[in-house]
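Okay, structure first, notes after.
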Amino acid sequence: MGKLASDIFDILDLGGRIFKNREVLRYSYIPDTLPHREREIMNIASILITSLEGHTPSNIMIYGMTGTGKTVVSKLLMKALQEKSEMMDSKVQKSFFNVDSTFLGDDIAAAFSTLSIVLDFDEIYGNELARILHKPVKCIYINCQQMDTQYRVMTQIANRLAPLKEEDRLPVSGLPIDEVHCRVLEKFDSSNSLIIIFMDEIDRLIYKSGDDILYTLTRINEELQKSKVSIIGISNNLRFLDYLDSRVRSSLGAEELIFDPYNANQLRDILTHRAEEAFYSEAIDHDVISYCAAIAAQENGDARKALDLLRVSAELAERDHSPRLSVIYVKQAQKKIEMDRVTQVVRTLPLQTKIVLYSILQQKIGGRIKTTTKEVVETYSFYASKMDLTVLGRRQVVNLMNELDKLGLIQTKVISFGRHGRTTVVEANVPGTEIINNLHNGILSKLKGIKPRMLYTTTF
DNA sequence: CATCCACAGGAACTTGGGGGCA
DNA sequence: TGCCCCCAAGTTCCTGTGGATG
């Protein structure tokens with residue numbers, strides 16, 4: 001036929017008329033300006049700026065629902081602060097060799113003006129002495145969802161503080177916690193710097209391991225000689241501080257800031273701003289952005305969702321070889337995102353949890369839309385033994401069901417039958433046949449075609 | 001209105017696997 | 001090699017409880 005393999009890419013390439021730069025729409029991307037967060041940025045910056053003068057900034061708590069820009073604002077500030085500090089370091093070193101203060105002054109003024117987001121550095125930085133005394137600022141970002149124990153957080157902070165040689169790194173386990181504490185202190189002090197720790201999803205930390213770690217961190221400055229530590233906590237739970245010891249609470253919540261959800265107009269601005277960089281200007285219908293903004297505004301003003309929606313719609317349009325991105329694709333994207341989320345979550349479930357979900361879904365497609373703990377436990381035991389697994393007890397199955405509930409895959413509700421006791425009514429939230437087929441094609445292939453003997457005792 | 005069912009869910013304990021250190 | 005530590009997952013035990021029912 002005379003066809004070359006590379007022709008395949010010619011066909012695929014036809015789609016590429018929409019995206020100019022798709023990275024811009026990922027939430028890992030940190031733009032230079034963040035519309036409708038100027039005030040918040042200024043607030044935090046005005047607190048953090050004391051670090052450049054060699055003082056320890058107050059701890060800050062940042063609250064806000066998902067997609068309100070907490071993380072991206074923090075990362076932007078982190079980047080800016082780090083750059084600024086490094087810039088000043090080199091200037092300070094220079095100043096020992098160069099006594100010409102007018103030169104120095106101009107140079108620093110120039111350096112400051114490059115930080116576009118924060119106001120008048122020059123004015124705040126009038127004091128030359130402060131510059132000489134200045135300590136390097138080191139920012140560390142920790143996501144407490146991944147690092148959710150005291151041990152892990154401490155070792156992570158220490159390991160990230162400086163690019164260390166392999167043998168200097170703290171081990172991921174094995175040491176007593178007070179030993180870790182001592183070594184972290186040493187590392188902090190030997191870095192001789194102002195350490196600002198951004199702790200994202202900080203509330204996760206205490207749900208799992210209590211407030212020990214926060215207690216330690218908020219009081220660590222008392223033990224440090226040369227270095228100082230500030231903490232920026234980020235949480236989407238406004239009542240997070242209530243769970244803490246009062247001393248930790250007052251220290252950590254020295255400054256508090258709430259990020260309000262974006263409204264539809266603000267979301268539209270954000271999307272417009274990103275879309276200019278992400279798309280070719282003629283490739284997108286005028287109502288697409290408003291539509292995405294409106295949907296995300298309904299979902300608690302979640303900018304993350306809005307960006308996702310825009311990116312996925314554009315990807316669908318490209319895959320369809322459409323020259324333009326129109327609202328039809330946004331509607332498709334909405335469905336796709338939801339289904340992707342579900343399959344992704346299901347795929348990463350531990351095996352035993354998968355079987356619990358599988359049991360609930362089997363009940364569902366067997367016509368049992370609502371079921372009870374007892375029935376789930378029975379069906380689960382049946383399937384687990386077919387899989388030659390250890391069969392978990394009731395207590396543990398209930399725990400797993402609660403996890404599934406938290407993930408939004410099922411809905412549970414405790415109801416009472418009065419004299420006849422009480423139980424949890426379970427209902428699957430996801431399409432049964434599709435997920436079951438997925439599971440059959442994966443790790444649960446053994447269970448294909450096997451039906452349990454189901455005795456329905458409870459009626460609703 | 002007290003009773004009582006049948007389970008929810010918290011707490012303490014166990015087990016087994018990760019590892020460090022002398 | 002033996003002993004220590006941390007941690008996750010699971011078990012056992014037990015107290016708490018919503019509301020139909022006698």
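Keep in mind that this is a model prediction, so the values were computed, not measured. Residue numbering restarts at 1 for every chain, and letters A, B, ... go by the order of the sequence lines.
- Among pairs with a residue in residues 383-412 of chain A, those fulfilling salt bridge (Lys or Arg N to Asp or Glu O under 4.0 Å) read A:Asp388-A:Lys446, at least two apart in sequence or across chains.
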Are there any protein N/O atoms within less than 3.5 Å of an N/O atom in nucleotides 4-6 of chain C, and if so, which ones and at what distance?
unit_1, atom_1, unit_2, atom_2, d
C:dC6, OP1, A:Ile177, N, 3.2

(request) Could you please spell out the steps behind the salt bridge (Lys or Arg N to Asp or Glu O under 4.0 Å) verdict for A:Lys374 and A:Glu378? (result) CA-CA 6 Å; A:Lys374 197 178 176 186; A:Glu378 277 170 17; 5.0 Å; no
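- Looking at A:Pro171 and A:Tyr151, their side chains come closer than 4.5 Å, going by heavy atoms from C-beta outward.
- Every residue two or more places apart in sequence or in another chain that forms a ring-ring contact (aromatic ring centres under 6.0 Å, His included) with A:Phe279 is listed here: A:Phe19.
- Taking the ring axis of A:Tyr141 as reference, the NZ or CZ atom of A:Arg160 does not stay both within 45° of it and closer than 6.0 Å to the ring centre.
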(request) Show the numbers, then the answer: is there a side-chain hydrogen bond (donor to acceptor under 3.5 Å, both in side chains) between A:Glu315 and A:Tyr329? (result) CA-CA 9 Å; A:Glu315 279 169 0; A:Tyr329 293 110; over 6 Å; no
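- A cation-pi geometry, defined here as NZ or CZ lying under 6.0 Å from the six-membered ring centre and within 45° of its normal, does not hold between A:Lys70 and A:Tyr63.
- Of all nucleotides in DNA chain B having an atom under 4.0 Å from a heavy atom of chain A, the first and last in 5' to 3' order are B:dT3 to B:dC21.
- Listed for the A:Ser445 side chain is no donor-acceptor partner under 3.5 Å among the backbone atoms of A:Asn441.
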Using nucleotides 19-22 of chain C, report all nitrogen or oxygen pairs with the protein that are shorter than 3.5 Å.
unit_1, atom_1, unit_2, atom_2, d
C:dG19, O4', A:Ser416, OG, 3.3
C:dG19, N2, A:Gly418, O, 3.3

(request) For side-chain hydrogen bond (donor to acceptor under 3.5 Å, both in side chains), just list the numbers for A:Thr379 and A:Gln363, CA-CA rounded to whole Å, side-chain angles, deciding distance to a tenth of an Å, and then say yes or no. (result) CA-CA 8 Å; A:Thr379 342; A:Gln363 305 246 23; 2.7 Å; yes
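- Between A:Gln344 and A:Arg347, the side chains place a donor N or O and an acceptor N or O closer than 3.5 Å (distance only, hydrogens not considered).
- Nearest heavy atom pair, residue A:Gly253 against residue A:Leu241, reads CA-CD1, 3.9 Å.
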(request) Might you work through the side-chain hydrogen bond (donor to acceptor under 3.5 Å, both in side chains) test for A:Asn236 and A:Thr66, ending with a clear yes or no? (result) CA-CA 7 Å; A:Asn236 44 27; A:Thr66 41; 5.4 Å; no
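- Here A:Thr373 lies in heavy-atom contact (under 4.0 Å) with sugar-phosphate atoms only.
- Using modelled atom types and a 3.5 Å distance limit, the side chains of A:Ser227 and A:Asn192 yield no donor-acceptor pair.
- A straight line from CG of A:Asn402 to C1' of C:dA9 spans 16 Å, rounded to a whole angstrom.
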Heteroatom pairs (N/O) under 3.5 angstrom, protein to nucleotides 10-14 of chain C:
unit_1, atom_1, unit_2, atom_2, d
C:dG10, OP2, A:Gln396, NE2, 2.9
C:dT11, OP2, A:Gly393, N, 3.1

